[in-house]
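Working notes, beginning with the structure itself.
Atoms within each ligand, like the ligands themselves, are counted from 1 in listed order. All values below were derived from every heavy atom in this structure, side-chain atoms included, with hydrogens, water molecules and symmetry-related copies excluded.
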Amino acid sequence: LSGIIRRVARSKQSRWLEHARGELEHAGHRSGGARSAVLEALDREPCCLTAQEIFDNLRTDGRAVGIASVYRTLELLWNLNLVRRVDIGASACYEPEQPGGEHHHHLVCERCGKVSAFEDARLEDAIQRLGRRLEYKVGEHEVVLRGACPDCRAA
Ligand SMILES: [Zn+2]
Ligand SMILES: [Zn+2]
């Protein structure tokens with residue numbers, strides 16, 4: 001691993017928002033109210049969020065969206081392939097599924113619980129190569145590395 005950890009570029013995020021709104025409309029769903037609040041909360045964040053975190057963020061912003069609506073919206077977005085579900089800890093987290101397939105993977109510190117994102121081109125090549133060897137066309141995939149983050153290692 002080359003250890004490239006960076007935040008997803010803003011431009012990609014905004015493209016997702018447009019894309020997600022278009023797909024919702026196409027599937028016959030209005031994107032007002034709770035739905036649009038959840039879309040914007042996901043769009044603002046470079047990495048994944050749990051339903052509870054989305055609920056809390058919206059409440060901090062003064063947007064009253066019930067937790068049940070957050071769950072319903074996430075389920076809908078997931079069914080439409082607009083978010084990916086990442087299983088990192090006790091609860092599932094969600095992040096935008098970019099229309100161009102750009103994605104990152106995750107590092108989880110088992111001591112402090114911090115989640116970080118990384119991208120690595122050689123890892124992606126290796127996954128595609130593995131797919132060819134197994135005669136699979138690899139699409140979505142998850143890589144989660146667990147261990148101790150730099151801060152916890154130093155402590
Ligand atoms: Zn992420
Ligand atoms: Zn990947």
For this session: Taking atom types as modelled, find out whether Glu124 and His105 have a side-chain donor-acceptor pair closer than 3.5 angstrom.
Result: yes

Exercise. What N/O/S atom of His141 gets nearest to the Zn ion (ligand 2)?
Worked result: NE2

Exercise. Any Lys/Arg nitrogen of Arg21 or Asp43 sitting under 4.0 Å from an Asp/Glu carboxylate oxygen of the other?
Worked result: no

For this session: Confirm or rule out an N/O/S atom of Cys48, from backbone or side chain, lying less than 2.8 Å from the Zn ion (ligand 1).
Result: no

Exercise. So does Glu102 pair up with Arg15, basic N to acidic O under 4.0 Å?
Worked result: yes

For this session: Please say which of His141, Glu140, Glu119 ends up in a side chain to side chain donor-acceptor pair (under 3.5 Å) with His103.
Result: His141

Exercise. Is any N, O or S atom of Cys93 under 2.8 Å away from the Zn ion (ligand 1)?
Worked result: no

Problem set entry | Residue pair His29 / Glu23, side-chain donor-acceptor N/O under 3.5 Å | no

Exercise. Once rounded to 10°, what is the value of the angle centred on the Zn ion (ligand 1) between Cys47 SG and Glu95 OE1?
Worked result: 120°

Problem set entry | Angle, NE2 of His103 through the Zn ion (ligand 2) to OE2 of Glu124 - 10° precision | 100°

Exercise. Is the Zn ion (ligand 1) less than 2.8 Å from at least one N/O/S atom of His104?
Worked result: yes

